[in-house]
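Worksheet: one structure, shown below.
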Amino acid sequence: MTSAAEQRAPAGEPAAGTGQRPAVANGARRAAVPAPVVWPGAPTPLGARFRVGPDGVAGTNFALWAGGAEGVRVCLFDERGRETQIPLTELTHEIWHGFVPGVMPGQRYGYRVDGRWDPWTGARWNPAKLLLDPYARAVDGEFGLPPEVYGHVRDWPEQYVADTVRDDRDSAPYVPKGVVVHDDDDWSDDRRPKTPWADSVIYELHVRGFTRLHPGIPPELRGTYAGLAHPAAIEHLVRLGVTAVELLPVHQFAHEDHLLRRGLTNYWGYNSIGYFAPHAAYAASGTTGQQVGEFKRMVRALHAAGIEVILDVVYNHTAEANELGPTLSLKGIDNRGYYRLQDDPRRYADYTGCGNTLHVVQPQVLRLITDSLRYWVTEMGVDGFRFDLAAALARSMHDVDMLSPFLAVIAQDPVLRRVKLIAEPWDIGSGGYQVGAFPPLWTEWNDRYRNAVRDFWRHALPDVREMGYRLSGSSDLYAWGGRRPYASVNFVTAHDGFTLRDLVSYERKHNEANGEDNRDGTDDNRSWNCGAEGETDDEGVRALRRRQLRNLLTTLLLSTGVPMLVAGDELGRTQRGNNNAYCQDNEVSWLDWSLLDDPAWRPLFDLTSRLIALRHRHPVLRRRAFFSGRAHSADGLRDLAWFTARGEEMTEGDWYAPAATLGMYLSGRDIPGRDERGAPVTDDSFLAILHAGEEPTGFVLPGRPWADGYEVVVDTAREDQAEAPGTVRPAGTRISVPERSVLLLRVV
């Protein structure tokens, strides 16, 4: 398309694709600053690393993998935006490198990479575009998407070939810059909590959304890492009792063009462009490297409170989208080396729904990802990762492969195999749904748990077989290859979908504010509005909704596996029926902390913290091995038993019969394993009765060998929860279980 570009170049610009460089870029002439001296430097480590070079001279070593490139220039920018270009002439194993004396921490920089423009073969080099270093430790500036940041002429009249017409306009004034950072923290004063998987309770939160409206956080710190590190924020987490926060993406990300054109932004951040850099907009202290220290101080503060930090990471795709997307980093460094391309190399293979997929089979891509992961563990202090669309990372050439290079490298890595690894075990490609298939070391988001619990409490399950599996650790999915019950991360809600309150308030999504005519977001919500759509003044409906919230939270926190809560669900947070609030950086997504003082909602927080404390106290609720269902002693008592409302053990036929009531007996006498001193682990035994019917039901409490009596611990039919201490129900008694409620009874 070079000839077409010459014929139809944008007015006032040299012909796209001609290779000419404009003397004036966007109204500002480049400064005529002589290039500094550059020494050979070293090809490792990749990125811009400040260090002391030969003869004790301080400077920065720059190293960039750009396999098929013909030349690389590192571009330094002063505080006025003037650019100095320095060619990197050393090439070692496809890595361009050089040491530049005098370049100190805080220096802003980027790369220009020379090479062929031949989109038909997947080659998209364009030296007019300033590129972000994939290994940049910090990023200064915001990503806008004007036409200048596209490698092709975005407004080319024939859009079907627009991606083939090179745009030679300079993008430097319009894109953020990497920042040289001095990594000098040894973490010697930090104490990682190292919470065992079985003891973990995960709390998924958004750094900005969790802190933006918190009245106890100083206004200048709200929405930032420093805000999350503030004692007021940590106090809530400690009072709640969670052991880990799972942060929605904090890697540097960019906003999509279609959102910017509608005046919106990518609030969730699943659009990464810098895998080593904390997202600059969440920093209160500055963006020329200060964000790195601020993030580290946040991690230290959480660790000091006994709370681990897990990052939600997006290594499956980048913010550069497809062939019509911007050229921000990898696309201009080596498009064919970093991305999966189709048989037609102009096009991108898309297993993510976001336009592109990183080609993890390629050694340099695998290195980028694993280097990033190790960096966040060793230098930023984090304790684990949740991998967005992890099945896309596990693909070999096309199919998902549990022996893929990515999974193999993680399994043998001495740093990464020791941290918490959570897979979102699906992508949108063929064969992408892989729940239960990831190997040992990995835990997984268990959407079958979510679906079963939602369906049970809206009384939509045909029988109780599915609930039996989900309550007891999902052995049908995970009891293989040495995996344990904590391979299942149990959740009822996540960032993606209705909040817990909306789950019982809406039967249809209400995403009009997203500007997509309510087409976005799932239609499979498995929700029930309790008789009215949305907010209502009907006190009966409101009381039923609060009871349903108590049922859902109690079920989650009594189930075997690792429970995950979403920030604000313990407060009754609503998104007004929006089940895809990814672009709502406003009160729709931010936590409303006034709910904590609302008499209607404060009891929900109290119940949630009480249930988490109960879980921490009782090992029978957080087992490290699957139930056997067999008797371990002569009296016939088993570690797990299931009962009908008649007080009789369930038969095969009972599992297949329609039912709204399920009794689950957990024996504290037969817990596998020993404590740290080698003694057997014993605990109280419990009977949980879950009743989803719309009318009360009778339930006969099982007698010997199960129990002589039962004490009520939790009754979700009650707002205040507590019966008189010491109230005991004799075994064999027929009790009344209120409609739509959970009773948890301790064996006495």
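What you see is a predicted model; the values in this text were computed from it and never measured.
- Between Tyr433 and Trp426, the ring planes lie parallel to each other; the angle is under 30°, not in the 30° to 60° tilted range.
- In terms of the side chain to side chain contact (heavy atoms under 4.5 Å, CB included) criterion, residue partners of Asp538 (sequence neighbours excluded) are, by chain and number, Thr536, Val541.
- Between atom CD1 of residue Ile202 and atom CD of residue Glu308 there is a gap of 9.0 Å, rounded to the nearest 0.5 Å.
- Between the CH2 atom of Trp197 and the CD1 atom of Ile422 there is a distance of 3.5 Å, given to the nearest 0.5 Å.
- With sequence neighbours excluded, the residues forming a side chain to side chain contact (heavy atoms under 4.5 Å, CB included) with His616 are Val201, Thr243, Ile612, listed by chain and number.
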Distance-only criterion, 3.5 Å: show the donor-acceptor pairs between side-chain atoms of residues 452-460 and protein atoms not counting sequence neighbours.
residue	atom	partner	partner atom	Å
Arg454	NE	Val492	O	3.0
Arg454	NH1	Asn525	O	2.8
Arg454	NH2	Val492	O	2.9
Asp455	OD1	Arg458	NE	2.9
Asp455	OD1	Arg458	NH2	2.9
Asp455	OD2	Arg526	NH1	2.6
Trp457	NE1	Thr555	OG1	3.0

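- Between Thr211 and the options Thr224, Leu591, Leu205, Ile217, a side-chain contact (heavy atoms from CB on, under 4.5 Å) holds for only Ile217.
- Between the side chains of Arg729 and Thr733, not a single donor N or O lies within less than 3.5 Å of an accepting N or O.
- With a 6.0 Å radius and a threshold of 12 heavy atoms from other residues, nucleotides or ligands, Arg602 has its CZ atom above the threshold.
- Partners of Asp427 by salt bridge (Lys or Arg N to Asp or Glu O under 4.0 Å), not counting sequence neighbours, listed by chain and number: Arg395.
- When the side chain to side chain contact (heavy atoms under 4.5 Å, CB included) test is applied to Asp496, the partners found at least two apart in sequence or on another chain are Trp268, Asn580.
- Of the N and O atoms on the side chains of Asp502 and Thr574, at least one donor lies less than 3.5 Å from an acceptor on the other residue.
- Proximity of a side-chain donor or acceptor of Arg615 to a complementary backbone N or O of Ser559 within less than 3.5 Å is detected.
- A cation-pi arrangement, defined by a distance under 6.0 Å to the six-membered ring centre and an angle within 45 degrees of its axis, is absent between Arg465 and Tyr469.
- Side chains of Tyr486 and Asp199: no donor on one and acceptor on the other come within 3.5 Å.
- Remark: the Asn514 side chain and the Gln584 side chain contain an N/O donor-acceptor pair separated by less than 3.5 Å.
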Validation: residues 736-748 side-chain donor-acceptor distances under 3.5 Å, sequence neighbours left out:
residue	atom	partner	partner atom	Å
Ser741	OG	Pro738	O	2.7
Arg746	NE	Glu711	OE1	3.3
Arg746	NH2	Glu711	OE1	2.6

